[in-house]
Structure formats: C-alpha cells, structure tokens
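Read the structure below first, then the notes.
Letters A, B, ... are given to chains in the order of the sequence lines, protein chains preceding strands, and every chain is numbered from 1. All values below were derived from every heavy atom in this structure, side-chain atoms included, with hydrogens, water molecules and symmetry-related copies excluded.
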2 protein chains.
Amino acid sequence: MPMSLRHALLALLEAGAMTGYELAKQFDQSVAYVWHAQHSQIYTELRRLESGGLVVARTLARGDKALATKRAYTLTESGLAELRRWVREVEEPPAMRDSAYVKATYLEYGSFQEARTQLRAHRAHYEALRDRYELHVDQLARRETALLRRRLAGSPAESHDAIVAYKVHAYRGLVARARTEIEWAERGLELIDRLEDGGTLPK
Amino acid sequence: MPMSLRHALLALLEAGAMTGYELAKQFDQSVAYVWHAQHSQIYTELRRLESGGLVVARTLARGDKALATKRAYTLTESGLAELRRWVREVEEPPAMRDSAYVKATYLEYGSFQEARTQLRAHRAHYEALRDRYELHVDQLARRETALLRRRLAGSPAESHDAIVAYKVHAYRGLVARARTEIEWAERGLELIDRLEDGGTLPK
DNA sequence: CAGAGCATGTAACGTGTTACATGATTGT
DNA sequence: ACAATCATGTAACACGTTACATGCTCTG
C-alpha cells in the first residue's frame, strides 16, 4: 500500500510549519507532479496525522478582526521518525494498472482512424507532461522554488547538493518516462500507417 | 475514471463464452500485465455486467453428479456495442501517482546506503517485469497464446495482422518503459556514488 | 463594493484490497 | 484417501473522487 500522501505531507512540513492551505499550494507545485491529491483530501489527511500525533496544530487568527481562523501544522518528533522510517522502508511496487495500455491492446475493435486518435491523444498528453517536468527540473537545478529554498535554509550546507540532486534526478526520470511514452505513441502511429497500407508488416 | 476491468472482461468474452474461473485464468495471463485484478473482483464485476445486460450467463453443471455448478458468460449485442464505444472514447489520463518517485524525491532523509537499497529494489523490480514482458511479446508474435488463437479463429484472416500487431506494440511499449526505469535507477546509483565521494557534482 | 483568492471542511460514492469462507471434482 | 485445483463468492476496510458547502479578507 503506497500511502504516499501521508508521507509527502510530513516531508513538506519538515521544511517548516504551514497552514493547510499553504501546504496544499506548495503540494500542487511540487509533490503533485508525482502524487496528485485534491485539497479536500489534504485537509482530511492533516487531521488524521494530527490525531496520530505525527503533527501538531496551532490555531491562528486570520486578519485583524479574528472572525476567521486558520490552523498551522508543525511536524513532531514522532512525525520526523515516521518520515525516516518510510524512507528506509522498501515498498512492494503497486500492481500495474494503465488504462491507455489496456486500450492499446484492443485497438482492433475500432477503425484505424480511431486508433490514431487514441495514440495522438497519448502523445499530446505526454508532450505536455514532458514540458512541465523539464521546466521543473530547471527550477530545481537553479534552486528557484520557494519550498526548496526553505528546505536548504534549514539544512547544513554540505547536504544541499544531495537534497537538490535527488529531486533533479527524480524529475529527470519523469522526463525520460514521458519521452518513452511519446516514442511509443509514434511507433504506434507508424504501425497503423503500415497496417492501413495493407503492405508488409516488418517485425 | 479508468474502469478498465469492465471493458477488459468484455474484450476477453468477445473471443467466446467462458466461465468466471476460466476468464480469471485467461485474465491473469493477458490483461493482468497491464491491469491487475483479484479473482474476487472479477466475479463481482461479472455479476455487475450481467445485471447491466452487457453479458448473459448460463448455469452449467460441473462433473457428473451435478452437485456443483458453474456459470458461463457470453457477450451480448449491447456488451459488444459498449466495447466498441470504449475503444472510440478518449479518456482523460488518470492523475500521476507513483510512490517510488515520491520517495526518490526525499531520499535525503535516509543514508546513502538506504538510498541505494531503494534504487536497487526499483531496478530489480523492472528487470523482472522487462523479462516477463519480453517473453509475452515473443509468445504474441508467434501467436502462441491460447486466447489469441481463439480470437484469431473467430476473426476474418485479413484482420489477423492488426490484432497481433496492436498487442505486440503495446507490450513492446511496456518493455521500453521497464528499460527506462532500469536506466533511471542506474543513473541514480551513479549519482549516489558521486554524492558519497563528496566530489564534483556534474550537471 | 465586487470579485479573486484565502481557508476549511463534509458527504456520498466508486473502486480496489485483504481476508475470509466454502465446498466439489479430478488425478494419483 | 489425499492433494491440487476447480469454482464461487462475501464483508470490512482503505483510499481517492466529486460535488457540495460556507464564509472571510484583501485589492482595486
């Protein structure tokens, strides 16, 4: 069982206390690239972490009138311990489940045009992802993201290279992955051309 | 929303009537590579498909005594229509969610050895997958799988190349994907070596 | 004073996981 | 007789999605 949301939130809070809303914003600009979650789920998970003692919350006033409040969350000792345990733990990779590939297997139930539409959508999707990942890699490598700066500010200088390098490596992996998908879709489009020409089908 | 299990079952039944158990067996040797499901889920889904009129079931006797029964499922007209509709439909790709990459982003919370352990497990996992996918590609290309033969037997000869080619293409995509993951893990391991040497960190 | 964005949630639902549960039939 | 495998499910739970819901505060 992944349960990555829980641990991603702990990791974000390790950089310093944040309110649920702030956390959700930071989440969208970092972890969400690898683990998407709705804001509503983040609020729910924060409450769960709180009742498990992994984070503590302070209620703060919003604005002058103090008619509204917000809650700032801080990582506890036991939350940090859990974060470290999680990094050590080798998880069973989740079972494969990719609807695009299921469909790719059964494209013969549609026309060649329909098959092309599917593969073009696949390519377009991963082209957009690739571009976003590449941008993020650049930002990370230049240490330009708010969250990363906060992390680095609170860590000893000799650890900075590793902190940045791990993140850059992960996002470069996503770029490579997106490229693989784009190439796959393109080979598929070429295959359809050959099938439609009814000509030879090279191995 | 993917809901691929539903449609994968329809596609399997298009090859001919099968009992739940047979279907589950065939599933494990084909679709499960791209969409994993427990047998218990397959039985549940078959009942749902039945109540939706996409398949019909006949109750058959098992053995001579007929003390036990089994249920053979057949695709209906409306089931076939749904299968074709699904192939036409362009689905929104599901949001990214990969726990291995989340962890790869936060490897700095563990030691270099722990980071290596994670990446080695990643590599081993995808090496095993790659081997299984490659085997499957070979079997498909030689038209050796039981299910594929059944499909081909019930289809016009001129469609055979396309049926085989789509499947081979899909599984080759999975091989490419696995290779990308293996290379990524290896680049990660090299990175850790450089980090540990404390030397230069090339871009 | 209006609209954008801050801020926090709840509820119903769908899908998938895990564990449990049962018993018949076939081959040795 | 025994084991493997055929054959079919149920129940509780975890996780995530979608839609709904509310109201404050800051900026122009």
Side-chain angles (χ1 to χ4, degrees), chain A residues 1-9 17-29 31-32 34-52 57-73 91-99 102, chain B residues 1-9 17-29 31-32 34-52 57-73 91-99 102:
Chain A
M1 317 113 229
M3 280 192 304
S4 294
L5 177 58
R6 190 198 262 42
H7 296 100
L9 295 180
M18 274 184 270
T19 66
Y21 190 77
E22 267 182 283
L23 197 51
K25 288 275 140 174
Q26 297 301 335
F27 188 95
D28 287 345
Q29 285 162 38
V31 192
V34 282
W35 194 274
H36 177 266
Q38 308 289 337
H39 287 192
S40 68
Q41 205 188 338
I42 292 175
Y43 284 113
T44 315
E45 193 58 42
L46 280 170
R47 290 289 185 165
R48 212 178 303 178
L49 288 170
E50 194 187 0
S51 66
R58 279 168 304 143
T59 301
L60 302 177
R62 266 167 74 198
D64 303 325
K65 310 288 184 60
L67 296 177
T69 58
K70 56 185 173 182
R71 294 164 56 79
Y73 293 90
E91 290 169 63
E92 180 85 4
M96 171 66 144
R97 198 165 276 133
D98 191 314
S99 54
V102 178
Chain B
M1 318 112 232
M3 280 192 304
S4 295
L5 176 58
R6 192 199 261 41
H7 297 99
L9 295 179
M18 275 184 268
T19 66
Y21 190 76
E22 265 182 284
L23 196 51
K25 289 274 140 176
Q26 297 302 334
F27 188 94
D28 287 345
Q29 286 161 37
V31 194
V34 284
W35 194 275
H36 176 266
Q38 309 289 337
H39 288 192
S40 68
Q41 205 189 338
I42 291 175
Y43 285 112
T44 315
E45 193 59 42
L46 281 170
R47 290 288 185 163
R48 212 178 304 178
L49 288 169
E50 193 186 2
S51 66
R58 278 169 304 143
T59 301
L60 302 178
R62 270 166 71 196
D64 304 323
K65 309 288 183 57
L67 295 178
T69 57
K70 54 185 174 182
R71 293 162 57 79
Y73 293 90
E91 290 170 61
E92 179 86 4
M96 171 66 142
R97 200 165 273 133
D98 192 313
S99 54
V102 178

task: Could you say whether B:Ala95 or B:Ala72 is positioned toward the 5' end of DNA chain D, judged by the nucleotide with the nearest heavy atom to each?
output: B:Ala72

From C:dT8, D:dG16, C:dA19, nucleotide with atom closest to A:Leu5 side chain: D:dG16

field: Options C:dT25, C:dT17, C:dT15, nucleotide nearest the side-chain atoms of B:His36
entry: C:dT17

- line: To the nearest angstrom, the CD-P distance between A:Gln38 and C:dC13 comes to 18 Å

query: In whole angstrom, what separates B:His39's NE2 from D:dA7's C1'?
result: 11 Å

field: Ionic contact status for A:Arg71 with A:Glu50, cut-off 4.0 Å
entry: yes

- request: Would you tell me if any nitrogen or oxygen in the side chain of B:Tyr43 comes within less than 4.0 Å of OP1 or OP2 on D:dT8?
  value: yes

- prompt: Within the pair B:Arg97 and D:dT17, is there a side-chain N or O less than 4.0 Å away from OP1 or OP2?
  reply: yes

task: Whole angstrom is fine here: how far is it from CZ in B:Arg47 over to C1' in D:dA11?
output: 17 Å

task: Enter the distance from A:Lys25:NZ to A:Met18:CE here, rounded to the nearest 0.5 Å.
output: 13.5 Å

task: Let me know the distance between NZ of B:Lys25 and P of D:dA7, rounded to the nearest Å.
output: 10 Å

statement: B:Glu45 CD to C:dT15 P, in whole Å, measures 7 Å

task: Look at the side-chain N and O atoms of A:Tyr21 and state whether any lies under 4.0 Å from the OP1 or OP2 oxygen of C:dC6.
output: yes

Verdict with reasoning, A:Met96 to B:His36, per side-chain contact (heavy atoms from CB on, under 4.5 Å): CA-CA 6 Å; A:Met96 171 66 144; B:His36 176 266; 5.6 Å; no

message: For a quick test of reading the model: is some side-chain N or O of A:Gln41 closer than 4.0 Å to OP1 or OP2 of D:dC15?
response: no

message: Without decimals, in angstroms, what is the distance between A:Glu92 CD and C:dT17 P?
response: 12 Å

Nucleotide C:dT15, atom P - distance to CZ of B:Arg6 in whole Å: 6 Å

query: Mind checking whether A:Tyr73 and A:Arg47 have side chains closer than 4.5 Å, heavy atoms only?
result: yes

message: Rounded to the nearest 0.5 Å, what separates atom OG1 in B:Thr19 from atom CG in B:Leu46?
response: 9.5 Å

task: Please state how far atom CG in A:Leu46 lies from atom P in C:dA7, giving the value in whole angstrom units.
output: 14 Å

- prompt: Has B:Arg48 got a side-chain N or O lying under 4.0 Å from the OP1 or OP2 atom of C:dT15?
  reply: yes

